[in-house]
Each structure stands twice: as structure tokens, then as C-alpha cells.
Amino acid sequence: MELTITTWFALGTVGMAAGTIGLAAGYTRLSDPHRIPFLDLVAVTAIATVAYALMALDLGAVTSARGATLYVPRYVDWLLTTPLHIVYVGWLAGADRSTLAKLAALQASTIVLGFAGGMVAAPLNLALFAAGAVVFGMLIYLLYTDISELAHERDDMTLALYRTLRNFVVVLWLVYPVVWLLGGPGIGFMDTETASLVVTYIDVVAKVGFGLIAYSTLRDIEFLSADSAMATSAD
């Protein structure tokens, strides 16, 4: 079988759909305090499933000023889902609504700048890429300073989950700008097919993996809380 961009997008659709089903099943097993925030993570993979299905059907592809192919469903997916991940991480740390909105706006700005940069000719594309990198740097700075300080006021397991998910997204998300820079929107060193393969793989790991890590740790927190409550009751 010839492996094409459509193949990667079809596999991405299957991976995201399976992740959505698994996370939705996990949602039903969580206690009420964790359920509503966890819906964020179910929504992330659900949105990505739709985006990958559209791309697998060859819908939403546009050609940039430099002749590169960009996929609008992918950027809409990222515009919606990456802020949801950041909001969840901020919620774990105990950030208030205005702080969560600030974090989400910063993350959304990186996606808008990335798409705008991908659509225009050089050197403006690299200037917009640099602007997006600066905004992403600001977001990382906040996650490792102000938001991290907030997280230290939470219990040990919640703090550990915050650190794990924060590091998980920051490390994985650093791959995207590298692919952007090497691919058609940037200097054009990487072809569209290779870039699609890499991004699809990272996308599935980042979105489904994030949800599975959160679910596993939340269940541990709930089991420990239940054990502690039973011990207190026995005393």
C-alpha cells in the first residue's frame, strides 16, 4: 500500500477517535470534582478527530504565497485545543479565571501567528514565526514562574501532575515550531508529506497522551483520598 499524506491523516483520525472513546470512558469513572475539568481533555481529542477526518477527506488545504500547503482544519484544531490544554494545566495550579484567559490568549496567539506566517512570503513569514516564538517564550516563562508558584499551594499529587503535564506539553510543543521552520511554511527543507507524518504522530501523542496521564493520576488521587477518608472514619 502506498503511504500518502491521506494515509497519515486517516491514521490520525483513528488515533484521535480511539483516544476520545477511551477518555470519555475515563470521564465516567472520575468523581464529580474532576469530571467537568476533564471534559476539556475529551473535547481536545474530539475536536482533533473532526479536524483529521476533514484533512483525510482532502478538505481545507490552502496554498501559501510561497507555494506551501497549509491545512486550515489543523490550525483551527490547534487554535481551539492547545488553549484547552493550557487552561487545564492552569486549573491544576489553581489559577483564577483572568489568569487562565491570559494563558489561553497567549497560546492562541502563537497559533494565529504561525498560520499567518505560513501564508505570507519571505521574509515576513520568518518575522511572524519569530513573533510567535516570543509569545510562546512568554507562556513558558509564566508556566515555570507565576503559575508554578501557585501550584506549590496545592497538595503534593496535584503539584506533581501539574509539573508532569506542563513539562509534557512544553517539550512536545517545541517540536511543532521546528517542523514549521523546516517545512514549507519556513525554509522548505522538509516536504509536506514528511511534515504531515511527524505532526500527526506528535499530535496523537500530545493530545491522547496528555489525557491518559491526567486520567491515571486523577484516579490515583481519588483512591488515596478514599483510603484517607476510610482511615479517618475508622479512627
Side-chain angles (χ1 to χ4, degrees), residues 1-26 40-62 64 68-86 88-89 107-108 110-111 113-115 117-118 129 132-133 136 139-140 164-217:
M1 180 180 68
E2 184 181 0
L3 299 179
T4 65
I5 293 175
T6 301
T7 305
W8 308 136
F9 290 158
L11 291 174
T13 305
V14 172
M16 293 298 184
T20 302
I21 293 170
L23 294 179
D40 262 18
L41 309 188
V42 180
V44 164
T45 53
I47 292 169
T49 301
V50 174
Y52 271 95
L54 291 174
M55 292 189 290
L57 294 172
D58 200 24
L59 298 174
V62 295
S64 75
T69 301
L70 276 73
Y71 297 92
V72 175
R74 167 171 288 157
Y75 281 90
V76 173
D77 166 6
W78 290 346
L79 182 62
L80 297 174
T81 60
T82 56
L84 286 176
H85 270 168
I86 290 299
Y88 190 82
V89 170
Q107 177 53 32
T110 68
I111 304 303
L113 289 167
F115 181 74
F129 172 82
F136 188 50
L139 178 67
I140 292 176
T164 299
L165 293 180
R166 176 199 60 188
N167 296 341
F168 185 80
V169 294
V170 168
V171 171
L172 284 180
W173 286 1
L174 285 174
V175 177
Y176 293 100
V178 173
V179 174
W180 188 101
L181 191 59
L182 295 178
I187 61 177
F189 180 77
M190 182 184 293
D191 60 52
T192 303
E193 185 170 318
T194 303
S196 297
L197 166 62
V198 174
V199 170
T200 299
Y201 175 76
I202 297 297
D203 250 0
V204 173
V205 172
K207 290 180 168 62
V208 178
F210 187 103
L212 292 177
I213 292 171
Y215 172 73
S216 175
T217 306

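- A ring pair (Phe, Tyr, Trp, His ring centres under 6.0 Å) with Tyr176 holds for exactly one of Phe136, Phe129, Trp78, Tyr75; it is Trp78.
- Within the 4.5 Å cutoff, the side chain of Thr4 has heavy atoms near those of the Thr7 side chain.
- The shortest non-hydrogen separation linking Gly118 to Leu70 is O-CD1, 3.7 Å.
- One distance of note links CG of Leu57 with OG1 of Thr13; it measures 8.0 Å at 0.5 Å rounding.
- From Ile86, atom CD1 reaches atom CG of Asp40 across 11.5 Å, with rounding to the nearest 0.5 Å.
- With Thr82 as the fixed residue, the side-chain contact (heavy atoms from CB on, under 4.5 Å) test singles out one of Thr110, Val44, Ile111, Val169: Ile111.
- With hydrogens and angles ignored, the 3.5 Å screen pairs a side-chain donor or acceptor of Thr217 with a backbone N or O of Ile213.
- Closest heavy-atom contact between Ile5 and Ser196: CG2-OG, 3.8 Å.
- In this structure, the side chains of Val205 and Phe168 come closer than 4.5 Å at one or more pairs of heavy atoms.
- Pairing each heavy atom of Ala48 with each of Lys207, the nearest pair is CB-CD, 3.6 Å.
- Closest of all the heavy-atom pairs between Leu41 and Ala214 is CD1-CB, 3.6 Å.
- Note: Tyr52 OH to Thr45 OG1 = 12.5 Å, rounded to the nearest 0.5 Å.
- Counting non-hydrogen atoms of other residues, nucleotides and ligands closer than 6.0 Å to OH of Tyr201 gives a total of 12 or fewer.
- Put simply, the side chain of Val178 does not reach to within 4.5 Å of the side chain of Leu174, judged on heavy atoms.
- Annotation: side chain of Gln107 is not in contact with side chain of Leu84 (no heavy-atom distance under 4.5 Å).
- The shortest heavy-atom contact between Ala56 and Ala10 is CB-N, 3.9 Å.
- Under the 4.5 Å side-chain criterion, counting only non-hydrogen atoms from C-beta, Asp77 is not in contact with Met16.
- Phe210 has its side chain out of reach of Thr81: every pair of non-hydrogen atoms, C-beta onward, lies at least 4.5 Å apart.
- Nearest heavy atoms, Leu54 versus Pro73: CB-CG, 4.1 Å.
- Using bins of under 30°, 30° to 60° and over 60° for the plane-to-plane angle, the ring pair Phe9/Tyr71 lands in the perpendicular bin.
- The 12-atom threshold is exceeded at CG of Asp191, counting heavy atoms of other residues, nucleotides or ligands nearer than 6.0 Å.
- To the nearest 0.5 Å, the span separating OG1 on Thr69 from CD on Glu193 amounts to 12.0 Å.
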